[in-house]
Amino acid sequence: PIEPPSPQEHGLDFQRLLDASAYKEMFRQDMIRWGEEKRHTDPGFFCRAAVEGALQPVWVVSDTRRISDVEWFRDAYGDVVQTVRVVATEETRKRRNWVFVTGVDDAESECGLDEGVAFDWVITNDGDKVALGKQLEMLVQSLHRNL
C-alpha cells in the first residue's frame, strides 16, 4: 500500500503544510501526486477517512475536490448530503495572496468541481462579513430544520 509521505521523515513542518504559505507550495505538487496515486488505487480512501468515527448528526466535510468525492458521499448517505461551494472573485483571492501556478491550480485537485456538480448552496466570501454571516445563517437554519 501507498503510505503518505511523513512530514517528519522529510524534515517538514506539519503545521506550515496546513496553511497557505509559500512553504506549503514547495511541497504541494508532491502532496497532490501522492493523493492522486492513492485515489487511483482506492477512490473512496479520503472520503472514508473523513467520516471515520464521526457520530454527530451534522458533519462538515471540507475541501472535497472531485466529482468522485461528491458521488461517494451521495452514494453512502443519500439525500441528507448537502453540498456547499464557497466562492470568491479572483481579485479577492489575489488580495489574500493567492497566485495562480500552472500545473497546480489548473489540476483536477484544484478545479475538479468547477463543472458537473449542482451545489445545494453557493456561499460568496469576498470579504463582506455581514453578507457572509447572513448566508451562513441561512445554511445553519436549513440544517436545523432537516435534523
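What you see below is based on every heavy atom in this structure, not just the backbone, and it leaves out hydrogens, waters and symmetry mates.
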Applying side-chain contact (heavy atoms from CB on, under 4.5 Å), name anything that partners [X], two or more places apart in sequence or on another chain.
X	value
Asp114	Arg85, Cys111
Thr102	Phe100, Asp106
Thr92	Ala88, Thr89, Arg95, Arg96, Asp126

Quick one: pull up CD in Glu37 and NE2 in His40 and give me the separation to the nearest 0.5 Å. 9.5 Å
ILVMFWY clustering at 4.5 Å (side-chain atoms), partners of Ile67: Val70, Val87, Leu113, Val117, Phe119, Val122
Running the 4.5 Å side-chain criterion over Ile, Leu, Val, Met, Phe, Trp and Tyr, what cluster does Val60 land in, apart from itself? none
Which residues satisfy the side chain to side chain donor-acceptor pair (under 3.5 Å) test with [X], sequence neighbours excluded?
X	answer
Asp75	none
Glu115	none
Asp69	none
Trp121	Gln82

Do Trp59 and Tyr77 make the cut of ring centroids closer than 6.0 angstrom? yes
Determine whether [X] and [Y] make a side-chain contact, defined as any pair of heavy atoms from C-beta on separated by less than 4.5 Å.
X	Y	value
Arg39	Phe45	no
Arg65	Glu108	no
Cys47	Phe73	yes

Donor-acceptor pair, side chain of Asn125 and main chain of Val86, under 3.5 angstrom: no
Side chains of residues 48-58: which donor-acceptor partners sit under 3.5 Å, not counting sequence neighbours?
| residue | atom | partner | partner atom | Å |
| --- | --- | --- | --- | --- |
| Arg48 | NH1 | Gly44 | O | 3.4 |
| Arg48 | NH2 | Asp42 | OD1 | 3.1 |
| Arg48 | NH2 | Asp42 | OD2 | 2.3 |

Contacts table for residues 130-147: side-chain donor-acceptor under 3.5 angstrom, sequence neighbours left out:
| residue | atom | partner | partner atom | Å |
| --- | --- | --- | --- | --- |
| Gln135 | OE1 | Thr124 | N | 2.7 |
| Gln135 | NE2 | Thr124 | O | 3.0 |
| Gln135 | NE2 | Ala131 | O | 3.2 |
| Glu137 | OE2 | Gln141 | NE2 | 3.1 |
| Asn146 | ND2 | Ser142 | O | 2.9 |

I'd like to check the salt bridge (Lys or Arg N to Asp or Glu O under 4.0 Å) partners of Glu71; sequence neighbours left out, ordered by chain and number. none
